[in-house]
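Working notes, structure below.
Atoms within a ligand are numbered from 1 in the order they appear, just like the ligands themselves. None of the values given here were measured: they were computed from a predicted structure. Positions are given from 1 along the sequence.
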Amino acid sequence: MKIVRLTYASRLSRDTGPDALGKIMTVSRRNNKKLGVTGALCYSPRGFLQILEGPADMVNQLYARIIKDKRHSFVTLLDYSPIPYRDFENWSMAYIRADEIGRALLQKFSTRKLFDPYEMGPVQARGFLIAVTNERADFLAKQEAALRKR
Ligand code: FAD
């Protein structure tokens, strides 16, 4: 079956508090594993940037659910493409908060201090999410190594 990558940006709804993000991630990881969907989600006060990758019918079904979710709004599709391979094969959904991203990395992809997903084109969005997910994986690996040394 065809594997696709879907990229979108959205704004957090006014009445959605920070506790909603934890719930979204728990449900996403549980569902995505079942659907064979992988990807990454970056959150900043200016909004969400998410990539969903997986079998076309699963990604389509999931996106149809996500756009109806009242916890965010102005959902804007940035890209939908068939892909030869996944970029996030080890992540049922990587989650990155923009305020945890290294400054140098943020500057590489943005002219602003605060990351704004609506300023990104699809190529930039993909490069950005791959870079921040790799940064997160390196951080987690170092943390794990330090714990093992203790
Ligand atoms: P349910 O079992 O119906 O809900 C689980 C719990 O989530 C509920 O108890 C409730 O507390 C909460 N919840 C669910 N929907 C809402 C809602 N609309 N408003 C308030 N609380 C709610 N889902 C995925 O499966 N994969 C993703 O990658 C994914 N990414 C998302 C990214 C963003 C930015 C947002 C806003 C949502 C995302 N979601 C994702 C959630 C998605 O919109 C649906 O809520 C979810 O898929 C419903 O799954 P379910 O039927 O298993 O959950």
**Request:** Return the set of residues passing ring pair (Phe, Tyr, Trp, His ring centres under 6.0 Å) with Tyr95 (not counting sequence neighbours), or none when no residue passes.
**Result:** none
**Arg11, CZ: over 12 other non-hydrogen atoms inside 6.0 angstrom** = yes
**Prompt:** Going through the checks in order, is the side chain to side chain contact (heavy atoms under 4.5 Å, CB included) test met by Ile51 and Asp87?
**Reply:** CA-CA 10 Å; Ile51 282 185; Asp87 293 317; 5.7 Å; no
**Prompt:** With sequence neighbours excluded, what pairs up with Phe115 under the ring pair (Phe, Tyr, Trp, His ring centres under 6.0 Å) test?
**Reply:** Phe128
**Message:** Test: side chain to side chain donor-acceptor pair (under 3.5 Å). Region: residues 53-79. Which pairs qualify, not counting sequence neighbours?
**Reply:** Ser10-His72, Thr38-Glu53, Asn60-Tyr80, Asp69-Arg71, Asp79-Ser81
**Prompt:** Who's touching ligand 1 if we go heavy atoms under 4.0 Å?
**Reply:** Tyr8, Lys23, Ile24, Val27, Ser28, Arg30, Asn31, Asn32, Phe48, Gln50, Leu52, Leu62, Arg65, Ile66, Asp69, Arg71, His72, Met93
**Prompt:** Taking atom CZ of Phe74 as the centre, does the number of heavy atoms from other residues, nucleotides or ligands within less than 6.0 Å exceed 12?
**Reply:** no
